[in-house]
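Following: one structure in structure tokens, then a few remarks.
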Amino acid sequence: MASASYLDEARDAALAFGDSLLGLARPRLRIGVTGLSRSGKTVFTTALIQNLVEGAKLPVLKASAEGRIARVRLVPQPDPDIPRFPYEAHRAALSGPDRRWPESTRRISELRLEIDYERAQGWFKGPATLTLDIVDYPGEWLLDLALINQDYAGWSAQAVADARKPHRLPVAAPWLEDLKARDPAGPVDEMAAEAASERFKAYLAALRADPEAVAVTPPGRFLMPGDLDGSPALTFAPLDLPPGVQPVPGTLAGLMAERFEAYKRVVVVPFFREHFARLDRQIVLVDALAALDAGPAALADLETALGQALSAFSVGRNSWLTSLFAPRIEKVLFAATKADHIHHTSHDRLANVMSHLVARAAGKAQGAGAKVEAMAFAAIRATREVRIRDGREELPAIAGVPEAGEVVDGEVFDGQTEAAIFPGELPQRPEAIFDPATPRWQVRAPRFRPPLVKPDAGGRIAPPPQIRLDRALEFLIGDRLS
């Protein structure tokens, strides 16, 4: 095993060295984009590309505000074994009278941009080009990375304990009932393994389908198996092992443990080596409003998931040597999405909630030299701000077109009519969100349709409005355009 590990490390270093040599000829930046359940990852990636390619006004992105970006263009997909991010299809879905949110991608994809810009400082002032690779991948894959350092017994114990938490119990009950009939010390039984795996997968699917779910239990590929559907590497499940007991070969638990290790070997480790370990920057999108809506238990789940996600990163400040042989993720941005679902007076509070959720994990990353930031934003703003009267009181509200079938206070929307809604206010102290005694905060905003952007006098349709997308871009790429 040790020799295999050394070979793996040598292979990873070779890949990093090759990437770095290519970067010497032309500066290159590789950004990972991922998001937890229903966080708007596809919308963010589409909006990022559209705003750059179409030259939108991005006042917080200094290179744009100073007029130093000459042109941004799409260039051919660099990696032949990775699907291209379908930017054009997603952009088309968001525009026109039939506008709709694009469907979530369920696999890794990539797109390359070239940014021609003018350097503002240093010895090499003048024209330059930055190659920007955007790697979009499901959040479930990110959480899977935490499995690398776990064994089957530890993972099983955690999965069973999570399922028994009060807020998960209604969804987990069928699987937990089935679990009682599974004897970890029983003989190897392929049919029993398949049945247990299917029950566990049904639980994970139900958990993800819950509108209030914001964090999922790995393995993530159980929900998006692709070509591995039905393979032994995806045919296992947790068992209720006695504390301190390890699986024994030749038993049902032994078979499950073998397949757990196969899953890491076949699915998780290749993703880490071939894609994740090559990233320079990372953004993690989070629907923190949904977690607030769900209450303290869901927030605790989310805090744990974000901590596991950050622990999976190899973070730190890159030196010349590490950038050649063992590159690290230099910057991580945790972004609370859907800031357009609340009034701007609560935006700072939402950002503070996001900072609080990642505080402990971020401290370790920052100690290694990485930059970690949290913010609230909306890659596409689907609402505008208004004020509505409630008796003698005037309330800060948002207005937009709710999607057909959305319901607020008993009113069913038709997908065409604009509505003004008071969404509520976030708590002043982020610590209060974890206190069960604190009144549960609920967002009252429905799911809005994308905004209708009308062409200007010249017939040009500008990118949709956004909230702090330019600030996110400044954090992720601004230093490389200086």
Side-chain angles (χ1 to χ4, degrees), residues 1-20 29-36 41 78-83 105-110 133-152 154-155 158 215-228 231 233-234 236 259-285 305-316 318 322-332 334 361 364-365 368 370 372:
M1 290 294 292
S3 60
S5 176
Y6 290 138
L7 287 173
D8 292 341
E9 291 177 6
R11 179 179 178 275
D12 295 347
L15 283 172
F17 185 68
D19 285 347
S20 298
L29 195 61
R30 195 170 178 86
I31 295 178
V33 179
T34 195
L36 303 184
K41 173 177 59 66
D79 295 313
D81 58 336
I82 304 177
T105 53
R106 296 175 60 84
R107 59 181 183 178
I108 191 168
S109 60
E110 186 177 8
D133 289 336
I134 302 169
V135 183
D136 178 281
Y137 65 94
E140 290 84 353
W141 297 15
L142 174 63
L143 298 184
D144 267 2
L145 294 178
L147 299 178
I148 292 178
N149 295 320
Q150 282 188 299
D151 61 12
Y152 174 75
W155 169 72
Q158 186 62 58
V216 296
T217 295
R221 292 293 181 94
F222 278 17
L223 299 174
M224 45 187 73
D227 294 341
L228 292 173
S231 67
L234 267 64
F236 65 94
R259 292 183 173 181
F260 175 78
E261 293 300 324
Y263 181 83
K264 293 197 293 183
R265 186 173 63 252
V266 172
V267 175
V268 183
V269 173
F271 167 66
F272 178 81
R273 279 198 206 123
E274 296 166 17
H275 308 297
F276 189 79
R278 298 167 61 195
L279 298 176
D280 303 299
R281 311 279 167 89
Q282 174 70 54
I283 180 170
V284 181
L285 306 176
L306 293 174
Q308 291 174 342
L310 194 50
S311 68
F313 296 130
S314 176
V315 296
N318 272 317
T322 59
S323 66
L324 285 178
F325 293 102
R328 299 169 180 170
I329 293 178
E330 301 172 307
K331 293 185 175 185
V332 183
F334 288 97
K364 295 179 182 179
V372 181

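If you read the sequence from its start, that first residue is 1, and numbering goes on from there.
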Legend entry - Beyond-backbone contact of Val266 with Leu234, side-chain heavy atoms, under 4.5 angstrom: no
Legend entry - Any side-chain heavy-atom pair of Gln150 and Leu147 under 4.5 Å: yes
Legend entry - Worked check of side-chain contact (heavy atoms from CB on, under 4.5 Å) between Met224 and Trp141: CA-CA 10 Å; Met224 45 187 73; Trp141 297 15; 3.3 Å; yes
Legend entry - Atom pair CD (Glu140) and CG (Leu145), whose distance is rounded to the nearest 0.5 Å: 12.5 Å
Inset, instruction - Can you measure from CG (Asp280) to CG (Leu29) and round to the nearest 0.5 angstrom? - result: 5.0 Å
Legend entry - Whether Phe276 and Phe271 hold their rings parallel, tilted or perpendicular, with breakpoints at 30° and 60°: tilted
Legend entry - Reported CZ-to-OH distance for the pair Phe222 and Tyr263, which is rounded to 0.5 angstrom: 6.5 Å
Inset, instruction - Taking side chain to side chain donor-acceptor pair (under 3.5 Å) as the test, write out the residues that go with Asp151, two or more places apart. - result: none
Inset, instruction - Just jot down the side chain to side chain donor-acceptor pair (under 3.5 Å) partners of Asp136, sequence neighbours excluded, or say none. - result: Lys41, Thr45, Thr105
Inset, instruction - Could you pull out all residues at least two apart from Arg221 that satisfy side chain to side chain donor-acceptor pair (under 3.5 Å)? - result: none
Inset, instruction - Could you grab the distance from atom CD of Glu274 to atom CG of Asp79, nearest 0.5 Å is fine? - result: 10.0 Å
Legend entry - Flag, side chain of Gln282 to backbone of Val332, donor-acceptor distance under 3.5 Å: no
Inset, instruction - Could you tell me which residues satisfy side chain to side chain donor-acceptor pair (under 3.5 Å) with Lys264, sequence neighbours excluded, listed by chain and number? - result: Glu261
Inset, instruction - For Tyr137 and Thr34, work out which heavy atoms get closest and say how close. - result: O-OG1, 2.8 Å
Legend entry - Contact summary for Leu279 and Ile329, nearest pair of heavy atoms: O-CG1, 3.6 Å
Inset, instruction - Please identify each residue that fulfils side-chain contact (heavy atoms from CB on, under 4.5 Å) with Pro78, with sequence neighbours left out. - result: Glu110, Arg112, Asp133
Inset, instruction - Grab the two heavy atoms, one from Asp144 and one from Gly220, that are nearest each other, plus how far apart they are. - result: OD1-N, 2.8 Å
Inset, instruction - Step through it carefully: locate the ring centre of Trp155, locate the ring centre of Phe236, and say whether they are under 6.0 Å apart. - result: yes
Legend entry - Polar side-chain atom of Ser109 near backbone of Pro83 as donor-acceptor pair, under 3.5 Å: no
Inset, instruction - Measure across Arg265 and Pro270 and return the closest heavy-atom pair with its distance rounded to 0.1 Å. - result: O-CD, 3.2 Å
